[in-house]
There are 2 protein chains.
Amino acid sequence: MSKSAVSVSATEAVACCSPLTAEPLSAASAARIAPLLKALADPVRLRLMSLVASHQDGEACVCDLNDAFDLTQPTISHHLKVLHEVGLLDRAKRGVWVYYRVNDDALGDLASLLGGGVR
Amino acid sequence: MSKSAVSVSATEAVACCSPLTAEPLSAASAARIAPLLKALADPVRLRLMSLVASHQDGEACVCDLNDAFDLTQPTISHHLKVLHEVGLLDRAKRGVWVYYRVNDDALGDLASLLGGGVR
DNA sequence: GACAGACATCGACCTGCGTCAAGATAGACA
DNA sequence: TGTCTATCTTGACGCAGGTCGATGTCTGTC
């Protein structure tokens, strides 16, 4: 699987040479990774990820997230959808409420790509 | 020209903040970090970073980078400028040629933010 | 069955970004 | 000094993306 460009063994990643710096990225790999970064490259979505991740039990209800921003509910819903579509957030509907949870694997892979995460 | 010192220290921008999953990110912190991610959130710039980092001696000339893409030289120059302005790439002009080098601290701090790694 | 609340989707507006062609700048060399 | 080469800057175009108001869908309650 070509995903190896992203999910490189974290133990091999050293401070001096992260996967990104180890060898030239192929155009295909770059095209696959860029959307993940683009999804994170927004202040609102960055805070959403952080809010969800640091929330109790690691998951947060949309109603909680709405209150943290001066934005309308559709806008928050849109940002959550973007994060969900790239795989950074998982969705779970329980009754009337919808809960979001951070996908640690996806986030970890990105960290490995940039700097190796483990130092 | 007097506007050569546009670039900010990417290290300062990130170093202030704890990992994404530890506690909610402030709006100010998110606004500082998002531009860094946005600079990386482009397939061309992702490959440029990778090409520069994995090049001999860790630095690459613009002429080398142009050949790796089906884009015009001004477009490559534009992308390099974006990466330089957020502090992800360092610039050095020697004679006619301009060499770019990856700022490892900036990349490492981004990775720490995403992966929760403590330095 | 009808109503109310939580969340998603749709359509529209406006800003920002990637790209290119053309011109400008700076160092090297005769 | 003048010319050549390598690179950067400017201006313009088209498209993608963030935001909002209005509307739709689903679930639980009376």
Side-chain angles (χ1 to χ4, degrees), chain A residues 27 30-49 51-52 55 59-86 88-101, chain B residues 1-7 25 27 30-49 51-52 55 59-86 88-101:
Chain A
R32 208 174 43 251
I33 299 168
L36 280 177
L37 289 168
K38 182 175 290 187
L40 270 185
D42 181 281
V44 174
R45 291 199 285 268
L46 214 45
R47 289 182 62 199
L48 278 173
M49 286 289 291
L51 280 171
V52 171
H55 206 269
E59 65 180 12
C61 167
V62 176
C63 52
D64 297 329
L65 301 174
N66 275 327
D67 299 339
F69 299 86
D70 281 336
L71 297 171
T72 63
Q73 176 267 325
T75 299
I76 298 298
S77 183
H78 162 71
H79 286 303
L80 288 171
K81 182 184 177 185
V82 170
L83 289 170
H84 173 60
E85 282 181 345
V86 299
L88 285 172
L89 282 185
D90 292 330
R91 250 189 75 171
K93 185 167 187 175
R94 288 200 291 273
V96 183
W97 291 276
V98 175
Y99 294 86
Y100 282 92
R101 172 183 295 274
Chain B
M1 54 186 65
S2 56
K3 50 182 167 184
S4 56
V6 183
S7 63
L25 215 56
R32 266 197 314 275
I33 299 169
L36 280 177
L37 288 169
K38 182 173 289 186
L40 270 185
D42 181 280
V44 174
R45 291 198 287 266
L46 214 45
R47 289 183 63 201
L48 278 174
M49 286 289 291
L51 280 171
V52 171
H55 206 268
E59 64 180 12
C61 164
V62 177
C63 52
D64 297 329
L65 302 174
N66 276 327
D67 299 339
F69 300 88
D70 280 338
L71 296 171
T72 63
Q73 177 272 323
T75 298
I76 299 297
S77 182
H78 161 71
H79 286 304
L80 289 170
K81 182 183 177 184
V82 170
L83 290 169
H84 172 60
E85 283 182 347
V86 300
L88 286 171
L89 282 184
D90 291 330
R91 253 190 74 173
K93 186 166 188 176
R94 287 201 292 274
V96 183
W97 292 275
V98 175
Y99 294 88
Y100 284 91
R101 173 184 295 275

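The figures that follow rest on heavy atoms only: side chains count, while hydrogens, waters and symmetry mates do not.
Residues Arg91(A) and Tyr100(A) have side chains in contact (heavy-atom distance under 4.5 Å, counting atoms from C-beta outward). Residues Glu85(A) and Lys81(A) meet the side-chain proximity criterion, which asks for heavy atoms closer than 4.5 Å.
In this structure, Lys38(B) atom NZ and dT15(C) atom P are separated by 15 Å, rounded to whole Å. The separation between His84(A) atom NE2 and dT9(C) atom C1' is 15 Å, rounded to whole Å. Taking atom CZ of Phe69(A) as the reference point, atom P of dC20(D) lies 12 Å away to the nearest angstrom. If you measure from atom CG of Asp42(B) to atom C1' of dC15(D), you get 14 Å, rounded to the nearest angstrom. If you measure from atom CG of Leu48(B) to atom P of dT19(C), you get 10 Å, rounded to the nearest angstrom. For the pair Glu85(A) CD and dT9(C) P, the interatomic distance rounds to 8 Å; values are reported in whole Å. When rounded to the nearest whole Å, the span between CG of Leu89(A) and P of dC7(C) equals 15 Å. Between the CD1 atom of Ile76(A) and the P atom of dG17(D) there is a distance of 18 Å, given to the nearest Å.
Taken to the nearest 0.5 Å, the CG atom of Leu89(B) stands 12.5 Å off from the NE2 atom of His79(B). Atom CE in Met49(B) sits 11.0 Å away from atom CG in Leu51(B) (nearest 0.5 Å).
Contact record, Val52(A) with Arg101(A): CG1-CA, 3.8 Å, taken as the closest heavy-atom pair. Leu83(A) and Ala39(A) make their closest contact through CD2-O, 3.8 Å (heavy atoms, listed as atom of the first residue, atom of the second, distance).
Applying the 4.0 Å criterion to OP1 and OP2 of dG18(C), one finds that Arg45(B) has a side-chain N or O inside that range. For Thr72(A) and dC20(D), the shortest distance from a side-chain N or O to OP1 or OP2 is below 4.0 Å. Contact annotation: His79(B) side-chain N/O to dT19(C) OP1/OP2 distance is under 4.0 Å. Residue His78(A) has no polar side-chain atom (N or O) positioned under 4.0 Å from OP1 or OP2 of dA8(C).
The residue among Gly95(A) and Thr75(A) whose nearest nucleotide of DNA chain D lies closer to the 5′ end is Thr75(A). Of the two residues contacting DNA chain D, namely Pro74(A) and Val44(A), the nearest-nucleotide position lying further toward the 5' end is that of Val44(A).
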Close N/O contacts between protein and nucleotides 2-7 of chain D (under 3.5 Å):
| unit_1 | atom_1 | unit_2 | atom_2 | d |
| --- | --- | --- | --- | --- |
| dT7(D) | OP1 | Cys63(B) | N | 3.3 |

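Within the 4.0 angstrom heavy-atom criterion, only backbone atoms of the sugar-phosphate kind lie near Leu71(B); the bases stay farther away.
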Let me have the donor-acceptor pairs involving side chains of residues 62-72 of chain B, under 3.5 Å, with sequence neighbours excluded, atom names and distances please.
| unit_1 | atom_1 | unit_2 | atom_2 | d |
| --- | --- | --- | --- | --- |
| Thr72(B) | OG1 | Thr75(B) | OG1 | 3.0 |

